[in-house]
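Labels below follow one simple rule: chain letters A, B, ... track the order of the sequence lines, proteins then strands, and each chain is numbered from 1.
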Protein chains: 2
Amino acid sequence: MGTTQLDHQPEPKYRHLKTVLSRALDTEFSVGQALPNERELAARFGVARATLRQALDQLELEGRLQRRRGVGTTVAPPRVGVDVSPRQHTWPGAPGDTWVASDAVRTTPPPAVARALDVPAEEPVEVVHRTLIAHGQPVAAEQLHIPVDVLPPGDEPRGTSGAERARAVLARLGRLDLGGQDRSVELGSAGSDDARRLDRLPGSAVLIVTTRYVAGGRTVAVAVATYRADTCRLTFGNQASGSQAPLSLSAS
Amino acid sequence: MGTTQLDHQPEPKYRHLKTVLSRALDTEFSVGQALPNERELAARFGVARATLRQALDQLELEGRLQRRRGVGTTVAPPRVGVDVSPRQHTWPGAPGDTWVASDAVRTTPPPAVARALDVPAEEPVEVVHRTLIAHGQPVAAEQLHIPVDVLPPGDEPRGTSGAERARAVLARLGRLDLGGQDRSVELGSAGSDDARRLDRLPGSAVLIVTTRYVAGGRTVAVAVATYRADTCRLTFGNQASGSQAPLSLSAS
DNA sequence: CAGTGGTCTAGACCACACC
DNA sequence: GTGTGGTCTAGACCACTGA
């Protein structure tokens with residue numbers, strides 16, 4: 001029977017639509033190609049636009065489609081692999097780090113971050129904003145929270161914000177002795193801030209990567225990074241013992 | 001000014017609704033408590049049910065709500081942290097592994113898996129099905145693909161499928177010398193198979209963890225695991241060099 | 001059975017990108 | 001402007017759960 005279908009439960013229209021569209025994307029479309037508009041597609045399949053959109057929503061969530069208001073729907077390229085492994089455990093901003101720091105401000109952390117840092121909610125922290133660009137597109141936005149009292153002193157630029165100040169804060173953080181770090185990944189939806197930075201609508205799906213940096217037995221920094229779930233695949237580099245290293249930079 | 005709102009763009013109703021509901025969940029509801037039904041909520045907020053559902057959809061995606069057809073909507077407990085780190089790099093099925101193997105069948109792999117395994121599409125593979133249970137709920141379903149020609153010989157139970165056979169396949173795999181492994185995480189939506197195993201509707205959001213196992217310089221197995229995105233937080237254990245180990249089992 | 005969330009319709013208007 | 005996707009409505013019926 002091959003792909004048996006003894007589940008005689010009526011499959012919802014949008015699910016069947018999704019299957020049909022998915023197959024069409026594989027066989028009749030190429031990356032970057034535009035689809036007919038939603039009204040046209042809905043008419044062609046004989047469904048209401050809302051039903052068609054339910055199918056498109058899922059295909060977009062799976063990274064198969066890219067929709068832009070005022071423009072149209074196109075076939076999305078394969079997801080970009082983004083390395084998120086704690087390779088040679090370094091601080092953010094260390095050489096080789098491809099994130100771009102854009103700002104640093106002193107403020108009080110959100111409760112969840114204060115809890116992760118194990119500091120009182122009123123304790124001021126430095127928040128460094130960074131962005132990760134891949135293939136010319138922003139793929140992730142990060143806020144790095146550091147309690148002010150753990151930061152070693154260092155050169156302080158004038159002003160209370162700005163990219164220059166952000167780099168100065170990272171430089172000070174880098175003077176600490178990094179003991180370890182751990183990460184977690186979960187699904188979320190972009191807040192309006194992150195949405196703007198990621199060039200997406202608020203509420204779009206993101207992968208939230210929370211990193212805890214430990215030094216001297218204490219959590220000294222917490223990074224909350226939101227990755228575009230539609231365009232990103234998070235990769236965790238080879239934890240191998242004796243396998244070949246695929247990269248050329250190795251002589252540390 | 002506090003939380004400044006100089007973006008005088010009209011916020012969509014569903015987004016405002018989401019904010020209001022989110023605050024209500026924090027202050028007026030406790031975990032497990034049931035919300036009023038959707039028609040009631042929509043009426044109370046003076047919106048169409050579809051608009052309310054747009055807000056509920058996002059809250060569910062964020063793991064704040066749990067909806068069950070025929071039952072109702074309840075406040076979800078915090079997400080379960082699930083360890084996904086390659087700690088002491090072991091094979092699946094090794095001691096300490098909490099997955100439950102339910103079946104193993106010999107078949108031809110889907111194209112994407114064949115590519116990852118670097119074998120021809122017709123090459124038969126053993127597919128071991130496993131499930132991960134946490135707090136009494138299934139949180140992940142996995143298919144582990146192993147080309148038949150890399151499997152060392154071993155005791156073969158009668159029959160062509162079943163849990164017993166799955167364990168036998170894992171035992172044979174465990175005889176290989178594990179060289180390394182790498183992982184990637186991306187967002188997907190549950191197919192009907194996974195949906196059934198995870199006790200969710202097809203199309204619900206899942207985190208797809210793909211693990212490549214390497215032995216003798218060759219990819220010998222590929223695991224594709226789908227985790228319930230609503231209930232799970234994937235954690236990657238401490239990659240520290242010299243920090244305290246929080247677990248008691250260490251003498252290998 | 002009654003009550004819940006899930007699917008679906010046929011419209012309407014809005015915000016945005018591009019010409 | 002025109003054309004796109006995004007939001008919204010007020011219904012309807014279906015599938016499922018549990019009493």
Side-chain angles (χ1 to χ4, degrees), chain A residues 7-19 21 32-61 64-76 189-190 192 195-196 199-205 230, chain B residues 7-19 21 32-61 64-76 189-190 192 195-196 199-205 230:
Chain A
D7 276 1
H8 42 66
Q9 330 190 47
E11 186 181 46
K13 281 190 185 178
Y14 79 90
R15 190 126 43 88
H16 181 246
L17 245 184
K18 185 185 154 193
T19 310
L21 285 169
Q33 188 175 352
L35 268 65
N37 72 54
E38 299 185 350
R39 290 160 180 87
E40 159 81 22
L41 277 177
R44 189 178 301 185
F45 287 108
V47 298
R49 192 176 154 219
T51 304
L52 172 78
R53 279 180 61 82
Q54 226 176 325
L56 294 184
D57 284 346
Q58 287 202 8
L59 289 170
E60 188 180 26
L61 200 75
R64 308 280 317 265
L65 293 179
Q66 204 166 331
R67 292 196 280 185
R68 274 181 304 165
R69 165 155 46 179
V71 178
T73 303
T74 56
V75 180
S189 53
S192 38
R196 206 176 319 110
D199 189 26
R200 298 248 51 196
L201 286 179
S204 53
D230 55 343
Chain B
D7 277 1
H8 41 66
Q9 329 189 50
E11 186 181 48
K13 280 190 185 177
Y14 79 92
R15 190 126 42 89
H16 181 245
L17 246 184
K18 185 186 155 193
T19 310
L21 285 168
Q33 189 175 351
L35 269 65
N37 71 55
E38 299 185 349
R39 290 160 179 87
E40 159 81 23
L41 278 177
R44 189 179 301 186
F45 287 108
V47 298
R49 192 176 153 220
T51 304
L52 171 79
R53 279 180 60 82
Q54 226 175 326
L56 294 185
D57 284 347
Q58 286 201 10
L59 290 170
E60 188 181 24
L61 201 74
R64 309 278 317 265
L65 293 179
Q66 204 166 332
R67 292 195 281 184
R68 273 181 305 164
R69 165 154 47 176
V71 178
T73 302
T74 55
V75 180
S189 52
S192 39
R196 206 176 319 111
D199 191 25
R200 298 247 55 195
L201 285 179
S204 53
D230 56 341

(message) Once rounded to the nearest 0.5 Å, what's the spacing between atom CZ of R69(B) and atom CG of L201(B)?
(response) 5.5 Å
(request) Specify the closest pair of heavy atoms between Y14(A) and T51(A), including all atoms of both residues, with the distance to one decimal. (result) CB-O, 3.7 Å
(message) Within the structure provided, determine whether E11(A) and S192(B) are in side-chain contact (heavy-atom separation under 4.5 Å).
(response) no
(message) Just the rounded figure in Å: distance from C1' of dG18(D) to CZ of R68(B).
(response) 11 Å
(message) Quick check on dG6(D): is either OP1 or OP2 less than 4.0 Å from any side-chain nitrogen or oxygen of R67(A)?
(response) yes
(message) Just the rounded figure in Å: distance from P of dG6(C) to CG of L17(A).
(response) 20 Å
(message) I want to check something: taking the side chain as every heavy atom from C-beta on, are L21(A) and R64(A) in contact at a cut-off of under 4.5 Å?
(response) no
(request) Starting from C1' on dG5(D), measure out to CD on E60(A) and report it in whole angstrom. (result) 10 Å
(message) Under the rule for side-chain hydrogen bond (donor to acceptor under 3.5 Å, both in side chains), what residues qualify as partners of E38(B), not counting sequence neighbours?
(response) R49(B), R53(B), R67(B)
(request) Tell me, yes or no, whether the heavy-atom count around R15(B) atom CZ, taken from other residues, nucleotides or ligands under 6.0 Å, exceeds 12. (result) yes
(request) Using whole Å, report how far CD of Q66(B) lies from P of dT4(C). (result) 18 Å
(request) Determine: side-chain N/O of T73(B) to OP1/OP2 of dG5(C), distance under 4.0 Å, yes or no. (result) yes
(message) So, taking the atom named CD in Q54(B) and the one named NZ in K13(B), what distance separates them when rounded to the nearest 0.5 Å?
(response) 12.0 Å
(message) Just to be sure I understand the geometry, which residues of residues 34-41 of chain A put a non-hydrogen atom under 4.0 Å away from DNA chain C?
(response) R39(A)
(request) Give me the one residue out of L59(A), L65(A), T74(A) that meets side-chain contact (heavy atoms from CB on, under 4.5 Å) with L35(A). (result) L65(A)
Could you run down the sub-3.5 Å N/O contacts of the protein with nucleotides 7-9 of chain C?
residue	atom	partner	partner atom	Å
dT7(C)	OP1	Y14(A)	OH	2.8
dC8(C)	OP1	K13(A)	N	2.2
dC8(C)	OP2	Y14(A)	N	3.2
dT9(C)	OP1	K13(A)	NZ	2.9
dT9(C)	OP2	A48(A)	N	2.9
dT9(C)	OP2	T51(A)	OG1	2.4

